[in-house]
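The analysis underlying the following values was restricted to heavy atoms, covering all of them including side chains, and did not include hydrogens, waters or symmetry mates.
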Amino acid sequence: MAMASISFTGSIDAVSLGEVKATDLTTQKAFVDGHRSDADALVDGVPVYPIRDVSLRQDGEPIQGASLKVKHPTDLKALTPYQVVNPRVTAWVKDGRIAYSVTADRLELAKGN
């Protein structure tokens, strides 16, 4: 089996396509035996919150096929850049294409905004 090494360098930011209220987000549920369970998915012992309709960029270039989860959600303004704090990127194959799952501690308003 061939192995691939993928490395993200530089900074990753997120831009929400619409306004997001942290209180509206729900925790990601864990998968058990290939099925979603009622248990929360944990990263470093902490539940994570998926954020939908977000464009992720590395150094301003879009990251195609990427999803985002955060440990500590915050309200997001539409079309405003946020810095992804302490991102961890996992690459996997979905429908024959490479997809990326980005898990971060939180999002912070990008400097200059």
Side-chain angles (χ1 to χ4, degrees):
M1 174 197 237
M3 298 289 289
S5 177
I6 298 172
S7 126
F8 282 82
T9 59
S11 64
I12 297 176
D13 67 12
V15 176
S16 178
L17 302 179
E19 188 174 304
V20 174
K21 294 287 185 193
T23 55
D24 292 340
L25 298 175
T26 57
T27 56
Q28 175 79 40
K29 298 303 177 186
F31 278 88
V32 178
D33 297 325
H35 297 89
R36 193 174 303 273
S37 74
D38 291 332
D40 289 343
L42 302 177
V43 173
D44 302 329
V46 178
V48 291
Y49 298 81
I51 302 178
R52 312 241 185 267
D53 299 325
V54 170
S55 174
L56 294 174
R57 305 180 301 187
Q58 179 183 0
D59 297 328
E61 293 295 321
I63 303 171
Q64 299 298 323
S67 64
L68 175 65
K69 293 182 282 297
V70 295
K71 292 181 188 177
H72 307 287
T74 187
D75 293 345
L76 303 177
K77 297 176 187 175
L79 305 177
T80 301
Y82 289 84
Q83 185 66 41
V84 179
V85 177
N86 195 22
R88 287 153 311 247
V89 180
T90 303
W92 49 287
V93 177
K94 179 181 180 181
D95 299 327
R97 295 184 178 184
I98 294 178
Y100 302 98
S101 178
V102 178
T103 303
D105 289 345
R106 64 189 175 280
L107 300 178
E108 293 180 350
L109 198 56
K111 290 179 174 50
N113 286 311

If every non-hydrogen atom of [X] is compared with every non-hydrogen atom of [Y], which pair is closest and at what distance?
{"X": "Val48", "Y": "Lys71", "result": "CG1-CG, 4.1 Å"}
{"X": "Pro47", "Y": "Leu42", "result": "N-CD2, 3.5 Å"}
{"X": "Pro50", "Y": "Gln28", "result": "CG-OE1, 3.4 Å"}
{"X": "Ala78", "Y": "Glu19", "result": "CB-N, 3.8 Å"}
{"X": "Val89", "Y": "Tyr100", "result": "CG1-CD2, 4.0 Å"}
{"X": "Arg36", "Y": "Phe31", "result": "NH2-CZ, 3.3 Å"}

Could you measure the distance from the [atom1] atom of [X] to the [atom2] atom of [Y]? Nearest 0.5 Å is fine.
{"X": "Thr103", "Y": "Leu68", "atom1": "OG1", "atom2": "CG", "result": "8.0 Å"}
{"X": "Leu25", "Y": "Leu76", "atom1": "CG", "atom2": "CG", "result": "8.0 Å"}
{"X": "Tyr82", "Y": "Leu109", "atom1": "OH", "atom2": "CG", "result": "5.5 Å"}
{"X": "Asp40", "Y": "Thr26", "atom1": "CG", "atom2": "OG1", "result": "9.0 Å"}
{"X": "Gln64", "Y": "Ser55", "atom1": "CD", "atom2": "OG", "result": "8.0 Å"}
{"X": "Lys77", "Y": "Leu79", "atom1": "NZ", "atom2": "CG", "result": "12.5 Å"}

* Side-chain contact test, heavy atoms from C-beta onward, threshold under 4.5 Å: evaluate it for Asp13 versus Glu108 and give yes or no. =>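 No. Closest side-chain heavy atoms not under 4.5 Å.
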* So, do Leu107 and Val84 sit near enough that their side-chain heavy atoms are less than 4.5 Å apart? -> yes
* Asked: Does CG in Asp24 sit with more than 12 non-hydrogen atoms of other residues, nucleotides or ligands closer than 6.0 Å?
  -> yes
* **In one Ile/Leu/Val/Met/Phe/Trp/Tyr side-chain cluster, 4.5 Å: Val102, Val15** => no
* Asked: Transitively linked via ILVMFWY side-chain contacts under 4.5 Å: Ile98 with Leu56?
  ->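 Yes, because Ile98 and Leu56 connect within a single hydrophobic cluster, where side-chain heavy atoms sit under 4.5 Å apart.
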* Just by modelled atom types, is the Ile12 backbone N or O under 3.5 Å from a matching donor or acceptor in the Asp59 side chain? -> no
